[in-house]
Structure formats: C-alpha cells, structure tokens
Amino acid sequence: MSRRFLVALGGAVLALSLAACSGEGAGSGDGGGGDKPADLTIGVSMPTQTSERWIADGNSVKEKLEAKGYKVDLQYAGDDIPTQSQQVDQMITQGADVLIIAAIDGTALSGQLQAAADAKIPVIAYDRLIRDSKNVDFYVSFDNYKVGVAQATALLVGLGLQNKDGSKGSAAGPFNIELFAGSLDDNNAHFFFDGAMDTLKPFIDNKSLRVKSGQTAIEQVAILRWQQETAQKRMEDLLTSSYNDGSKVQGVLSPYDGLSRGIITALQNAGYGASANKMPVVTGQDAEIASVKLINDGVQSSTIFKDTRLLAEQAVIAGEAFLQDKDPQANDTKTYDNGVKVVPSYLLPVQTVYKDDIKPVLIDSGYWTADEVKSGQAKG
Ligand code: BGC
C-alpha cells in the first residue's frame, strides 16, 4: 500500500500510533507522514523586507502553503544575522515540522541546522545555499551561474559587442566598464560573478573591454549585504578615482537591481544621462518594479527575471514531500557543494529582460501590471 494511500485512508490512526511510538505529536518536528496539514507548521525564514523580491517570496510561499491547509510561521530578519539565528531557533523550539530558509549569511546557521537535525526537522535552503553544514536537506533556487552569464551577455549586447542571438556585434570597443558583485557571505554572489567573468574574460583579454579601475577580483567589487547606498558610494569613488581625466564609464556589470539603482544615482549625480553624456549600459537582477520602470524609460539597460512564484511553488513541493516522508525530486545533484556535501537541488531557469521584453515577459505573465511599470511602484 502506498504511503500516500495510507495517509489518505488512515491518517488519524497512523498519527496516533506514531505519537504513541515516539512520544511525539504533531508539531514536534516529526512531520510523520500521517498528520493532517492543519497540524503541521512550516517555518519560513526570509532575510529582509528592504528588497521587494523577498517580500514576494515570503508571501508566495505562505499563500501556497496555507492554501493546502498548513500553518506557516513567516519571519523576516531585517538583514541581521543574530535576528535570523534567533528566529530559526524559535521555530525549532516551537515545533516546526519543516524549515524553509533564505539565509542572510550562508555560513552562520550551522548551530541552528544541527538543532533542526536533532529534532528531525528537514531543512530546505531557499534560493541561497546554506554552507558548512551536513544538515541541509534540499536546495531550491535558480541556475545562478547562468544568471551571471546572462548579466554579462546583457552588458555585451548593450554595448554592441554581441548580438542577442550570440553572434558578433557591430561595435569594436574598447569600452570602459566597471564591475560590481553581491555580498561575499551569499553563495549566490560567487556564482553570479563567476558566470559573468567567464563570459567577459575573452573581451577583457582581447581589449574590447577595459576595467579602468583595475578592480576585477570579487573581494574588491563585492557589496556587503547587497546595500544600494554602498553601491552608490563605490560608484562615486570609482568616478572620482578612475574617471577624473575626462574619460567616461560606458558599462557597469551590476548583479542586482537595488545596486543598479545606487550606481545609476551616482552616475546621474555626476552628469551621466543628460544631453550628450550617455548613461552607461547598466545590468541588474530581480525585475524590481522601480528598475523595470528605469528600463522602460531607457535609463537601465536590462534585468534578469527570476519568477519567484515558481520558486515558491518548488519550495512548497519539496516541503510537502518531506512531510510525506519522501525525498523531493532534484534536477541537479552535482553543482551545489556546500563545503560538506553536495546538496540535491531543484534549479529554475532565468530570463533576461530588455525594454522590449517587459510586456511579453513581465506584464503578460501577471508579474507586474502596465500601470505599475509606468509608475515604478507596486500596487501590492
Ligand atoms: C538572490 C538575488 C538577489 C540578491 C539580493 C541573492 O541571493 O539570488 O535574487 O538579488 O540575493 O537580495
């Protein structure tokens, strides 16, 4: 008899006998496969509400789980590592049955994950891999290396060095560019940067691209906690230190829309984007509404769209599998080594969005409305 059939037929009996055997009831961290959804709680730990993608992720996961009848404990940690540790600790002591965690610092949760493992609570790393722990049971994310490739490709296309179909573009350069990366404690930042640099390297080597500041190592270009203001400050510093000789920056590799907006502000304050002083080609990620408007207005060049609705769906599928004592289905079992083990993963594809793609990709799919794109504000 299949587990699923057993659950449907004899859920109550099974739950009772499990509780009798283990001394644990619903909400004890042992989903048990027999408990009713209403008796099961999923702890969802998100990093911050300052970026709209994480709000959308949190809401989608919560809504989808609640629609299936589960209880959800959704917490945001304000980008503060001790707060996130505390919130996860609390979810464990309050008897969560599964944890879904998007970590602030991918290396800071080993203690919590050990406590989760001791209480037999499966842990799903959400979008950001949790490192240095054997207790990460599954990972749902996008193809993060390809995000970096797509960002670098969008930079090449924007500059005219390459066409969208991958063929050689009509421009020859040399172009001055600057590079930005995300937070070093976020595993994704490294994947994005590696994908981007592998793509840009041949163009840097053949001198059609020049990083005028000379800052090409991830440690030199990373922005702690993905902060917009820090990116603005670094761009201002770069303009002062490397472009005070009349030369112009023509392209900026930016891995996230929030950073792109900081970079664009620094450039605008220095006179870029006015009259003949062209705004450089600036990339991005996440299709945040303020940035989609900037793309629509011709200020930002591109973003990478990652459909958080689909990611939330995968997290829910994986969570439910664990609750039914099954292993979630992975589509990648090689790429994501967290330093202790390779974590089975489900990776979703990503899509580059230039101005022309806003309608077909973002509006027609219901991600943003035409009004939101026009105003640059989410209606909620
Ligand atoms: C996510 C990106 C996001 C960044 C900043 C990364 O871990 O994968 O989508 O732009 O964090 O929030």
Side-chain angles (χ1 to χ4, degrees), residues 45-61 76-81 84 100-109 124-131 136 139-151 154 180-196 218 221-231 253-263 282-292 294-295 300 302-312 314-315 332 335-336 338 343 345-353 362 367:
S45 171
M46 290 282 148
T48 176
Q49 278 170 305
T50 56
S51 150
E52 75 204 10
R53 82 147 280 193
W54 298 113
I55 301 175
D57 286 91
N59 289 342
S60 294
V61 174
Y76 285 91
D79 255 343
D80 183 55
I81 298 165
Q84 185 164 46
I100 297 176
I101 304 173
I104 298 165
D105 178 331
T107 62
L109 290 171
I124 299 167
Y126 187 92
D127 198 45
R128 296 176 173 174
L129 186 63
I130 302 172
R131 296 189 51 85
V136 189
Y139 179 43
V140 292
S141 189
F142 295 88
D143 190 327
N144 293 304
Y145 181 85
K146 279 203 189 134
V147 170
V149 172
Q151 288 169 337
F180 283 71
S183 197
L184 288 177
D185 53 10
D186 181 345
N187 196 56
N188 287 351
H190 300 266
F191 274 78
F192 301 153
F193 197 68
D194 287 350
I218 189 167
V221 307
I223 301 294
L224 183 66
R225 297 283 111 74
W226 302 87
Q227 290 281 320
Q228 176 167 338
E229 304 72 32
T230 314
L253 175 82
S254 167
Y256 157 53
D257 285 344
L259 303 191
S260 314
R261 292 196 296 277
I263 291 161
V282 180
T283 63
Q285 173 171 211
D286 288 345
E288 292 200 333
I289 192 60
S291 297
V292 175
L294 289 175
I295 295 170
Q300 185 173 320
S302 62
T303 188
I304 307 300
F305 175 50
K306 307 198 301 192
D307 195 332
T308 51
R309 298 167 298 189
L310 301 181
L311 186 61
Q314 285 308 320
D332 184 298
T335 311
Y336 286 95
N338 77 347
V343 182
S345 311
Y346 194 95
L347 305 181
L348 290 157
V350 302
Q351 205 168 348
T352 307
V353 171
L362 300 177
Y367 200 77

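All ligand and atom numbering here is 1-based and tracks the order in the structure.
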Problem - Partners meeting ring pair (Phe, Tyr, Trp, His ring centres under 6.0 Å) with Phe180 (sequence neighbours left out) - result: none
Completion exercise
Expected contact list for ligand 1 at under 4.0 angstrom, heavy-atom basis, is Arg53, Trp54, Asp127, Arg128, Asp186, Asn188, Phe192, Trp226, Tyr256, Gln285, Asp286, Lys306
Practice task
Answer yes or no: is there a side-chain heavy-atom contact under 4.5 Å between Asp194 and Tyr145?
Solution key: yes
Problem - Non-neighbouring partners of Phe305 that pass ring pair (Phe, Tyr, Trp, His ring centres under 6.0 Å), sequence neighbours left out - result: Tyr367
Handout entry: Minimum-distance pair of heavy atoms, taken over all atoms of Ile81 and Ala108
Key = CG2-CB, 3.6 Å
Practice task
Not counting sequence neighbours, which residues clear ring pair (Phe, Tyr, Trp, His ring centres under 6.0 Å) with Tyr139? List them please.
Solution key: Tyr336
Exercise for the section: May I ask you to decide if Asn188's main-chain N or O and Asp186's side chain share a donor-acceptor pair within less than 3.5 Å? Expected result: yes
